[in-house]
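Notes follow the structure.
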Amino acid sequence: MRVSRLMLVTLRDDPAEAEIPSHKLLLRAGYIRRVASGIYAYLPLMWRVLQKVSRVVRQEMDRAGALETLLPQLQPAELWQRSGRWAGYTAGEGIMFHLEDRQGRELGLGPTHEEVITALAGDLLRSYRQLPVNLYQIQSKFRDEIRPRFGLMRGREFIMKDAYSFHADEDSLRQTYAEMDQAYRRIFARCGLRAVAVEADSGAIGGSASQEFMVTAEAGEDLILASGDGRYAANQERAVSLAPEAVALLGGVRAGGQGEPLATPGQSSIEDLCSAHGFDPTQTVKVLLLLARFEDGHQQPLLVSLRGDQQLNEVKLANAVTARGSAEHGALLDISPLSAEAAAKEGLEPIPFGFMGPQLSDGALAAARSWSPRFLRLADPTATALEAFVCGANTMDSHLVGAAWGSLCPAPESVDLRAAQPGDRCQHDPSQQLEASRGIEVGHIFQLGRKYSEALDARFTNEAGVEEALWMGCYGIGVSRLAQAAVEQHHDGNGICWPVSIAPFEVIVVVANGADPEQSNLGEHLYSQLQQADVDVLLDDRGERAGVKFKDADLIGIPWRVVVGRGAATGLVELVERTSGDKRELPASELLAALLPSLESQRQGLL
RNA sequence: CGGGAUGUAGCGCAGCUUGGUAGCGCACUUCGUUCGGGACGAAGGGGCCGCAGGUUCGAAUCCUGUCAUCCCGACCA
């Protein structure tokens, strides 16, 4: 391809709308243009990158025995109603774009394809003899993100590879899951990305085991907690750890476990309370009031007890609440802090915020108009493990010292609800500490189990002649996100440094002075020679000054640059590697011999 | 949705406080000189000043409303 014909428009200034390096560079270098918030046009250079990423993905999926397919993006609501996800994905903070057709039928624009594929599998897969099967597709997905961000990182329309596997039993699922794990590692390595696998929450997709693949980068939106020994890594949403030991409360249990009242005027935070009375935060129990909303309209007040020094992990809480409420009330729509205003609106007596204790009785909800009249009470094990603690007295400006579970109130159900923190000791080896780093989630694999197959009645006949639900796995890669993540990981002050395997072009031939026939002839010659050698080559034949062409070549990030300049008269050209900046001059006749071996190995990425 | 900010030429910005009909740099067009790291000179083209109301003789500027975009939180490949 000739640069003069490439519709290349590069910008000298960073567009104001971009924040992180990869987003700025993709805009500046003419790879993408924003069409609306979270919606981007992939310009020709970008499309080449995406095609290359897709090719790697295809090769590795095919190699793992998966079948490429293409499913509709426009999907009937009925399918999503059967899986129970329609309300959760469209109401509340739902992320599915949805619409009505002219007959008034409801449709959704696919944010993911479990429903469609499972319905198809139920139709087509009748016997264990057909299993296992793994189907994948690469196409645009639509999600009405609450806040699109960072260019392609979090768009409302983006390209994703999604795969779904079907199995006769759990062992087969585990095997494919492990194969996908390996395929994913190869895909990211081949794309030249340093990626780490971490334990993950299964989120809205559901299912049991799940693992995310994170491209490590400062701009990453996810916090990864990993042990120094490399044996444990998890998304903070999911991470577990050992909390610091609690400091024993001086005086222990008092008043038979009822606790002695202590005047604590205005001391509504753990910090104020502890500094005023010399308590350690680990000696306290703090109580959070929240309200969970369910699909069927059920509103469930939550009373969550945590040890004073700990933070709530909202993902863990949502999972716990779902496990306890969804069977009866449908999908959990959201959980929000229960505010004094909301309580007043509901007609409740004033709640002593800042001075609440776990013994707050359901009587506080007695006047509730639309809420459930009983709290769902949960506590983190670090709280329930305390022998004697300080907590709110449920009256303003007063706490109880030396309270104990059992006497004060029954210990609530104990569930892991605390957020693991950097510096925490690891569960697998207390001598190890969790370290934090940031990552961009580019892939996620799930063992779904039978959640969707049961909901959509996708059954097969097993070896014993009995019908049962299919076992399922699903496996996603954000193709467009991956491409931008690669820029985030590979750039410098001059622009992008694409890994060869996903670069839009591998080599750019820059004719320094196009007006010099010797230079332009040699440039043309090398260009066609490289084309014949199956190299993805770009010829900068523009009438620009050399400096402009060099700047553009660096900015758009072509891995190799061949400069045809003054040396052309004596048959010499310069070969420059983008990433290292290494230059060497060599006879044009030796260019291919010098370049092709490096190129060949670099096409393998980090394999 | 809550909190913060910004909308002026394709991109980056000034002008707004103190109303008088729009400017700078880059990019674009033409000519000349230059020609290996975003050249220089000259001459040009391009703007419902986000949109709608209002105040005023007169609004980019003041007021009201609205829309859009970006940043911080809830969502995820």
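All values derive from a computational prediction rather than experimental measurement. In what follows, every chain begins at residue 1, and chains take the letters A, B, ... in the order their sequences are listed.
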Counting only side-chain heavy atoms from C-beta out, which of [options] sits nearest to [X]?
{"X": "A:Arg12", "options": "B:U69, B:G36, B:G38", "result": "B:G38"}
{"X": "A:Asp552", "options": "B:G38, B:C76, B:G37", "result": "B:G38"}
{"X": "A:Asp554", "options": "B:G37, B:C76, B:A74", "result": "B:G37"}
{"X": "A:Met160", "options": "B:G37, B:A77, B:C76", "result": "B:A77"}

Under 3.5 Å donor-acceptor pair, [X] side-chain atoms to [N] base atoms:
{"X": "A:Arg542", "N": "B:G38", "answer": "no"}
{"X": "A:Asp144", "N": "B:C75", "answer": "no"}
{"X": "A:Arg143", "N": "B:C76", "answer": "no"}
{"X": "A:Glu574", "N": "B:G36", "answer": "yes"}
{"X": "A:Asn513", "N": "B:G36", "answer": "no"}
{"X": "A:Arg545", "N": "B:U34", "answer": "yes"}

Q) Quick one: are the ring centres of A:Tyr184 and A:Tyr475 less than 6.0 Å apart? A) no
Determine which nucleotide pairs with [N], using a 3.5 Å limit on both distances of a Watson-Crick or G-U wobble pair.
{"N": "B:G12", "result": "B:C24"}
{"N": "B:C35", "result": "none"}
{"N": "B:A42", "result": "B:U30"}
{"N": "B:C62", "result": "B:G54"}
{"N": "B:A68", "result": "B:U6"}
{"N": "B:G73", "result": "B:C1"}
{"N": "B:C48", "result": "none"}

Please determine if a side-chain N or O atom of [X] lies less than 4.0 Å away from the OP1 or OP2 oxygen of [N].
{"X": "A:Arg147", "N": "B:C72", "value": "yes"}
{"X": "A:Thr112", "N": "B:A77", "value": "no"}
{"X": "A:Arg149", "N": "B:G73", "value": "yes"}

*asked:* For A:Glu114, is there an ion pair with A:Arg85 - N to carboxylate O distance below 4.0 angstrom?
replied: yes
Q) Between A:Arg2 and A:Glu524, is the closest basic N to carboxylate O distance under 4.0 Å? A) yes
Rounded to whole Å, CG of A:Leu312 lies from P of B:A74 at a distance of 12 Å
Protein heavy-atom contacts under 4.0 Å, written 5' to 3' over nucleotides 7-12 of chain B as B (base), S (sugar-phosphate only) or - (none), form the string ---SBS
Hits for side chain to side chain donor-acceptor pair (under 3.5 Å) against A:Glu518, two or more places apart or cross-chain, chain-then-number order -> none
A:Pro422 meets the side chain to side chain contact (heavy atoms under 4.5 Å, CB included) criterion, sequence neighbours left out, with A:Leu225, A:Ala436
Requested in this report: Check the geometry between A:Phe158 and B:A77 and answer yes if their rings are stacked (centres below 5.5 Å, planes below 30°), otherwise no.
Outcome: yes
